[in-house]
Amino acid sequence: MFKKFCKGGCILIVAMVFLAACSPRFDWRVVQSPQQRYTALFPGKPEKIQRKITYQNQELLQTLEALKIEDDIYSISATQIPIGQSAFLPKILDLLQGNLLSRAKDSGGQVIAEDVLYQTAARQKQASKEYLIQFKSNGTAEQWMRVRWITRVAADGSIWIYQISVLHAKAIPGDAKSFLSKEEYANFFTEFYPE
């Protein structure tokens with residue numbers, strides 16, 4: 001009886017190890033956001049929050065979908081500029097970008113920019129800029145972020161500003177560009193398709 005119990009226990013342990021090995025750290029899923037006019041590939045089920053922000057007495061809708069996996073936060077922020085308010089675009093984009101870029105520089109971190117291409121939902125290639133941002137605290141590298149901003153004019157004349165980002169909440173050993181270009185990060189960026 002003891003041998004049968006041990007044999008059964010060993011089989012159960014082997015099965016649990018096998019199942020654990022087969023359970024991916026990522027559960028990739030396509031997330032469609034028709035109201036925000038994009039489709040994205042998230043490594044799990046994101047949480048979604050919406051809020052209204054005020055800019056020069058104008059209410060803007062901002063939506064955030066985000067997910068944390070271990071040391072990484074994957075997020076997509078979508079800000080809608082209403083029809084007829086296109087003059088706000090440069091200033092709002094400057095505010096969104098400037099907040100992150102100046103915070104990194106002020107802390108003694110660094111910002112690496114490069115030109116990239118992304119695809120729309122219609123599979124048209126468009127130019128954009130991507131940033132690798134290092135944040136420091138007390139002179140020590142603590143976090144890196146890979147971020148891209150995309151602007152799109154919708155068919156109704158409203159404008160959407162998308163911020164696609166991954167924040168790695170630990171120091172990166174070695175080359176940040178190589179680290180943040182690994183498949184689990186690259187998929188998130190290449191599979192984002194705005195309308």
**Q** Please report the shortest heavy-atom distance between A104 and I133, naming the atom on each side.
**A**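 Here A104 and I133 meet closest at CB-CG2, 3.2 Å.
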
**Q** Can you confirm whether or not the ring centre of Y118 sits under 6.0 Å from the ring centre of F192?
**A**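 No, too far apart.
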
**Q** Treating S158 as the side-chain partner and A154 as the backbone partner, does any N or O pair qualify as donor plus acceptor under 3.5 Å?
**A**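 No, S158 side chain to A154 backbone: no donor-acceptor pair under 3.5 Å.
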
**Q** What is the distance from atom OG1 of T120 to atom NZ of K125, rounded to the nearest 0.5 Å?
**A**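 Spacing of OG1 (T120) from NZ (K125) equals 11.0 Å.
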
**Q** Is atom NZ of K182 surrounded by more than 12 heavy atoms (other residues, nucleotides or ligands) closer than 6.0 Å?
**A**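 More than 12 heavy atoms, drawn from other residues, nucleotides or ligands, come within 6.0 Å of this atom.
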
**Q** Sort out for me which residue in K48, Q36, Q80, R51 forms a side chain to side chain donor-acceptor pair (under 3.5 Å) with T63.
**A**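 Looking at K48, Q36, Q80, R51, the match for T63 under the side chain to side chain donor-acceptor pair (under 3.5 Å) is Q36.
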
**Q** Considering all heavy atoms of both residues, which atom of I81 and which atom of I161 are nearest to each other, and what is their separation?
**A**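 Closest heavy-atom pair between I81 and I161: CD1-CD1, 3.8 Å.
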
**Q** Using the ring of Y162 (Phe, Tyr or Trp, six-membered ring only), decide whether R152 places NZ or CZ under 6.0 Å from its centre and within 45 degrees of its axis.
**A**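 No, a cation-pi geometry is absent between R152 and Y162.
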
**Q** Do V116 and L93 sit in one hydrophobic cluster, given that two such residues count as connected whenever their side-chain heavy atoms are within less than 4.5 Å of each other, even indirectly?
**A**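 In one cluster with V116: L93, no.
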
**Q** Would you say V30 and V166 are hydrophobically clustered, going by side-chain heavy atoms of ILVMFWY under 4.5 Å?
**A**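 Yes, V30 and V166 fall within the same hydrophobic cluster.
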
**Q** If we count only N and O atoms by modelled type, under 3.5 Å, do the side chains of Y38 and E65 hold a donor and an acceptor together?
**A**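 The answer is yes; a qualifying pair exists.
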
**Q** Within the structure provided, determine whether K45 and D27 are in side-chain contact (heavy-atom separation under 4.5 Å).
**A**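 Not in contact.
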
**Q** Report yes if the side chains of Q97 and K129 come closer than 4.5 Å at any heavy-atom pair, otherwise no.
**A**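 No, their side chains stay 4.5 Å or more apart.
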
**Q** Quick one, K177 and I112 - any side-chain contact, counting heavy atoms below 4.5 Å?
**A**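 They are not in side-chain contact.
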
**Q** Evaluate whether atom CD of E114 has more than 12 neighbouring non-hydrogen atoms of other residues, nucleotides or ligands under 6.0 angstrom away.
**A**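 Yes, the 6.0 Å shell around CD holds more than 12 heavy atoms from other groups.
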
**Q** Using the ring of each side chain (for Trp, its six-membered ring), is Y74 parallel, tilted or perpendicular to F188, with breaks at 30° and 60°?
**A**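 Ring orientation of Y74 relative to F188: perpendicular.
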
**Q** Counting C-beta onward and ignoring hydrogens, is there a side-chain heavy-atom pair between L95 and Y55 closer than 4.5 Å?
**A**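 Touching, per the 4.5 Å side-chain cut-off.
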
**Q** What distance separates D106 CG from L101 CG, expressed to the nearest 0.5 Å?
**A**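 Reported to 0.5 Å precision, the distance equals 10.5 Å.
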
**Q** Please check if any side-chain donor atom of Q32 sits under 3.5 Å from a side-chain acceptor atom of T39, or the reverse.
**A**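 Short answer, no.
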
**Q** Closest approach of W160 and Q35, non-hydrogen atoms and distance?
**A**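 Of all heavy-atom pairs spanning W160 and Q35, the closest is CZ2-O, 3.3 Å.
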
**Q** Which atoms form the tightest heavy-atom contact between I69 and L67, and what is the distance?
**A**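 The answer is CD1-CD2, 3.9 Å.
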
**Q** Any side-chain heavy-atom pair from E191 and W28 closer than 4.5 angstrom?
**A**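 The answer is no, as the side chains (C-beta and beyond) never meet within the 4.5 Å cut-off.
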
**Q** Can you measure from CG (D175) to OG (S181) and round to the nearest 0.5 angstrom?
**A**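 The distance works out to 8.0 Å.
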
**Q** Verify the cluster assignment for V111 and W149: are they in a single hydrophobic cluster under the rule of side-chain heavy atoms below 4.5 Å apart?
**A**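 In one cluster: yes.
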
**Q** Measure the CD-NZ distance between E70 and K68 for me, rounded to the nearest 0.5 Å.
**A**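 Here the interatomic distance stands at 8.5 Å.
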
**Q** Mind listing the closest non-hydrogen atom pair of S75 and A66 along with its distance?
**A**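 Closest pair (atom of S75, atom of A66, distance): CB-CB, 3.8 Å.
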
**Q** Is there side-chain contact between I159 and F88, with at least one heavy-atom pair below 4.5 Å?
**A**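 No, their side chains stay 4.5 Å or more apart.
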
**Q** List the atom of L167, the atom of M145, and the distance in Å for their closest heavy-atom pair.
**A**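 Scanning both residues, the minimum pair turns out to be CD1-CB, 4.0 Å.
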
**Q** Assess R146 against F179: is NZ or CZ under 6.0 Å from the centre of the six-membered ring, and within 45 degrees of the ring's axis?
**A**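 No, cation not above the ring by the 6.0 Å, 45° rule.
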
**Q** Verify the cluster assignment for Y193 and I76: are they in a single hydrophobic cluster under the rule of side-chain heavy atoms below 4.5 Å apart?
**A**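 No, Y193 and I76 fall in different hydrophobic clusters.
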
**Q** Report yes or no: do L89 and L60 belong to one cluster of Ile/Leu/Val/Met/Phe/Trp/Tyr joined by side chain heavy-atom distances under 4.5 Å?
**A**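 Yes: a chain of side-chain contacts under 4.5 Å links L89 to L60.
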
**Q** Kindly indicate whether the side chain of R37, heavy atoms from C-beta on, has any atom under 4.5 Å from the side chain of D156.
**A**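 Yes, side chains in contact.
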
**Q** Nearest 0.5 Å please: distance from the CZ atom of F135 over to the CD atom of Q110.
**A**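 Rounded to the nearest 0.5 Å, the CZ-CD separation comes to 11.5 Å.
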
**Q** Any side-chain heavy atom of Q163 within less than 4.5 Å of one from L100?
**A**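 Side-chain contact under 4.5 Å: yes.
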
**Q** Measuring from atom CD of Q143 to atom CD1 of I172, what distance do you get when rounded to the nearest 0.5 angstrom?
**A**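 Rounded to the nearest 0.5 Å, the CD-CD1 separation comes to 10.5 Å.
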
